[in-house]
There are 2 protein chains.
Amino acid sequence: MRKTIILYGVALAALTAILKFIEYRFFVRDLSLEFYLGAVAVLFAGIGVWAGQRLTRRKVVIATPDFKLNDGELQRLGISKREYEVLELMAHGLSNQEIADKLFVSLNTIKTHSSNLFMKLDARRRTQAVRRAKELGLLP
Amino acid sequence: MRKTIILYGVALAALTAILKFIEYRFFVRDLSLEFYLGAVAVLFAGIGVWAGQRLTRRKVVIATPDFKLNDGELQRLGISKREYEVLELMAHGLSNQEIADKLFVSLNTIKTHSSNLFMKLDARRRTQAVRRAKELGLLP
DNA sequence: TTCAAAATCACACTTTCGGCTGATGCGGCC
DNA sequence: GGCCGCATCAGCCGAAAGTGTGATTTTGAA
């Protein structure tokens, strides 16, 4: 987390430098201030969206009408929050790479999580894991 | 969704107006342009975070009730008996090799069947195929 | 603050999947 | 007889998936 925050700081500093540069370019060309401001606004709005997604990725929202998650079973098997997220996406038919992209982590990380899941769910393949999870009331 | 987008548009327009006003206030007070730009950047970054959160909120999906095989759908998609058998075993989490053994045919045969299934079910992976089949009422 | 669990990632490997091409045999059907 | 759909199989290739080991960073709770 600290790492990412520092990263953002650096990124913002770099952007500031770029903006500084662009600023003079724009002014010598007599482009309007409004346009410049608009560009900045749009740019930073985009950055905000991105950063927001990145920073709040931990939240899991699963809502299915008649489904009630079996917390006990989850704990009994020692399945962590992150692992559960992976399990869900797996159940949606996503590939490991897609899951990695969606959760903003590396492919290897997903592989580790899924391996752990297979162990805990006593499965050898993702299809089995998903089936087992449904039987245990871990998935709708 | 459309409503929210329009809402954002209006909000942005209002903000622009406000900025326009603040702009002159700032300039007559001789505050630096850099400061002004920074404020805009921060503000819009914030807006971006907020908007991003709102727009990517997840939706609730309705789960399927009890199972009654959908023959019509099977025929519509042109799924043969053998293919359906493979699909069933696939849904049980078996590997292609295991399916081949169970049906007393070669691995390659299963591969062709599954490939055809993926085509007919518009899926790329077995997990997707199974999911899709369940949605269509082809599997419990 | 300390410590264990959780999360992250790497890298080297093996296995499994899935796409593609092409082939053969069988049973209906016009 | 010729055409078609189905089922069967082969072989190749690249991409995913899964295994095993080891390491670092974050986090949460005591």
Side-chain angles (χ1 to χ4, degrees), chain A residues 1-9 53-60 71 74-133 138, chain B residues 71 74-133:
Chain A
M1 177 55 89
R2 184 158 306 157
K3 194 180 64 181
T4 45
I5 288 178
I6 290 171
L7 212 149
Y8 295 150
Q53 296 297 307
R54 190 80 167 72
L55 288 171
T56 63
R57 71 191 131 103
R58 261 158 225 294
K59 277 189 192 155
V60 200
D71 285 300
L74 262 187
Q75 285 205 282
R76 196 178 66 74
L77 297 174
I79 292 177
S80 74
K81 210 193 307 180
R82 206 56 164 166
E83 284 166 355
Y84 185 69
E85 286 185 84
V86 172
L87 180 57
E88 278 181 303
L89 296 175
M90 218 180 244
H92 274 54
L94 300 193
S95 70
N96 283 339
Q97 185 60 66
E98 288 167 338
I99 296 174
D101 292 344
K102 198 157 245 175
L103 297 181
F104 299 102
V105 297
S106 94
L107 175 59
N108 284 311
T109 305
I110 300 304
K111 285 187 176 190
T112 312
H113 284 322
S114 54
S115 270
N116 290 333
L117 272 172
F118 296 153
M119 244 186 293
K120 291 170 182 176
L121 287 170
D122 190 28
R124 290 172 189 284
R125 277 168 286 288
R126 44 179 60 229
T127 22
Q128 259 181 26
V130 169
R131 188 183 174 77
R132 191 108 179 71
L138 304 180
Chain B
D71 286 301
L74 262 187
Q75 285 204 283
R76 197 178 66 74
L77 296 174
I79 292 178
S80 70
K81 266 156 279 164
R82 205 56 162 164
E83 284 165 356
Y84 185 71
E85 287 185 84
V86 173
L87 180 57
E88 279 180 303
L89 295 175
M90 218 179 245
H92 279 272
L94 301 193
S95 71
N96 284 340
Q97 185 60 67
E98 288 167 337
I99 297 174
D101 293 344
K102 198 155 246 173
L103 296 182
F104 299 104
V105 296
S106 97
L107 174 60
N108 285 310
T109 305
I110 300 303
K111 283 189 175 189
T112 16
H113 284 323
S114 55
S115 270
N116 291 332
L117 272 172
F118 295 153
M119 243 188 294
K120 291 169 182 177
L121 287 171
D122 190 28
R124 291 173 187 283
R125 278 170 285 287
R126 45 181 57 230
T127 22
Q128 256 180 28
V130 169
R131 189 183 173 77
R132 189 110 179 71

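Chain letters run A, B, ... following the sequence lines, proteins first, then strands; residues in each count from 1. Keep in mind that this is a model prediction, so the values were computed, not measured.
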(request) Would you indicate which nucleotide in dC9(D), dG18(C), dT8(C) comes nearest to any side-chain atom of V105(B)? (result) dC9(D)

(request) Please confirm whether the backbone N or O of L94(B) pairs with a side-chain atom of E98(B), one donor and one acceptor, at under 3.5 Å? (result) no

(request) Looking only at non-hydrogen atoms, find the nearest pair between Y84(A) and L138(A) and report the distance. (result) OH-O, 2.6 Å

(request) Starting at atom OH of Y84(A), determine the distance to atom C1' of dA7(C), rounded to an integer number of angstrom. (result) 19 Å

(request) Find which nucleotide of DNA chain D each of G78(B) and S106(B) is nearest to by heavy atoms, and output the residue with the more 5' nucleotide. (result) G78(B)

(message) What residues from residues 108-119 of chain B pass a heavy-atom cutoff of under 4.0 Å to DNA chain D?
(response) N108(B), T109(B), T112(B), H113(B)

(message) OP1 or OP2 of dT8(D) versus the side-chain N and O atoms of R82(B): is any pair under 4.0 Å?
(response) yes

(message) Less than 4.0 angstrom between a side-chain N/O of R126(B) and OP1 or OP2 of dG18(C), yes or no?
(response) yes

Polar-atom pairs under 3.5 Å, protein N or O versus N or O of nucleotides 24-30 of chain C: list them with distances, or write none.
none

(message) For the CE atom of M90(B) and the CG atom of L117(B), what is their distance to the nearest 0.5 Å?
(response) 5.5 Å

(request) With sequence neighbours left out, write down each residue that passes salt bridge (Lys or Arg N to Asp or Glu O under 4.0 Å) with E88(B), or none if nothing qualifies. (result) none

(request) Would you mind reading off the distance between I99(B) atom CD1 and dT8(D) atom C1', rounded to a whole angstrom? (result) 16 Å

(request) Give the rounded distance in Å between these two atoms: CD of Q97(B) and C1' of dC17(C). (result) 12 Å

(message) Just the rounded figure in Å: distance from P of dA6(C) to CG of L74(A).
(response) 12 Å

(request) Apply the side chain to side chain contact (heavy atoms under 4.5 Å, CB included) test between L107(B) and each candidate in N96(B), D101(B), I99(B); give the one that qualifies. (result) N96(B)

(request) Return the minimal non-hydrogen interatomic distance between L89(B) and K102(B), and the atom names on each side. (result) CD2-CD, 4.0 Å

(message) Using a 3.5 Å distance criterion without hydrogens, assess whether the side chain of R132(A) forms a donor-acceptor pair with backbone atoms of L121(A).
(response) yes

(message) Is the phosphate of dC17(C) approached by N96(B) (side-chain N or O, under 4.0 Å from OP1 or OP2)?
(response) yes

(request) Give me the bend of the helix from dT1(C)-dA30(D) to dC30(C)-dG1(D), using the axes of the five pairs at each end, rounded to 10°. (result) 50°

(request) In whole angstrom, give the distance that lies between atom CG of L107(B) and atom C1' of dG18(C). (result) 11 Å

(request) Please identify each residue that fulfils salt bridge (Lys or Arg N to Asp or Glu O under 4.0 Å) with K120(B), with sequence neighbours left out. (result) E83(B)

(request) Of all the heavy-atom pairs spanning A129(A) and A123(A), show the shortest one and how long it is. (result) N-CB, 3.6 Å

(request) Provide, to the nearest angstrom, the distance between the CD atom belonging to E83(A) and the P atom belonging to dT8(C). (result) 10 Å

(request) Under the salt bridge (Lys or Arg N to Asp or Glu O under 4.0 Å) rule, collect the residues that match up with R76(A), sequence neighbours excluded. (result) E73(A)

(request) Mind calculating the distance between CG (D101(B)) and P (dT16(C)) to the nearest angstrom? (result) 11 Å

(request) Would you mind telling me which of R124(B), Q128(B), R126(B) makes a side chain to side chain contact (heavy atoms under 4.5 Å, CB included) with F118(B)? (result) R126(B)

(request) Let me know the distance between NZ of K81(A) and P of dA5(C), rounded to the nearest Å. (result) 17 Å

(message) Give me the atom names and distance for the closest heavy-atom approach of A133(B) to L87(B).
(response) CB-CD2, 3.8 Å

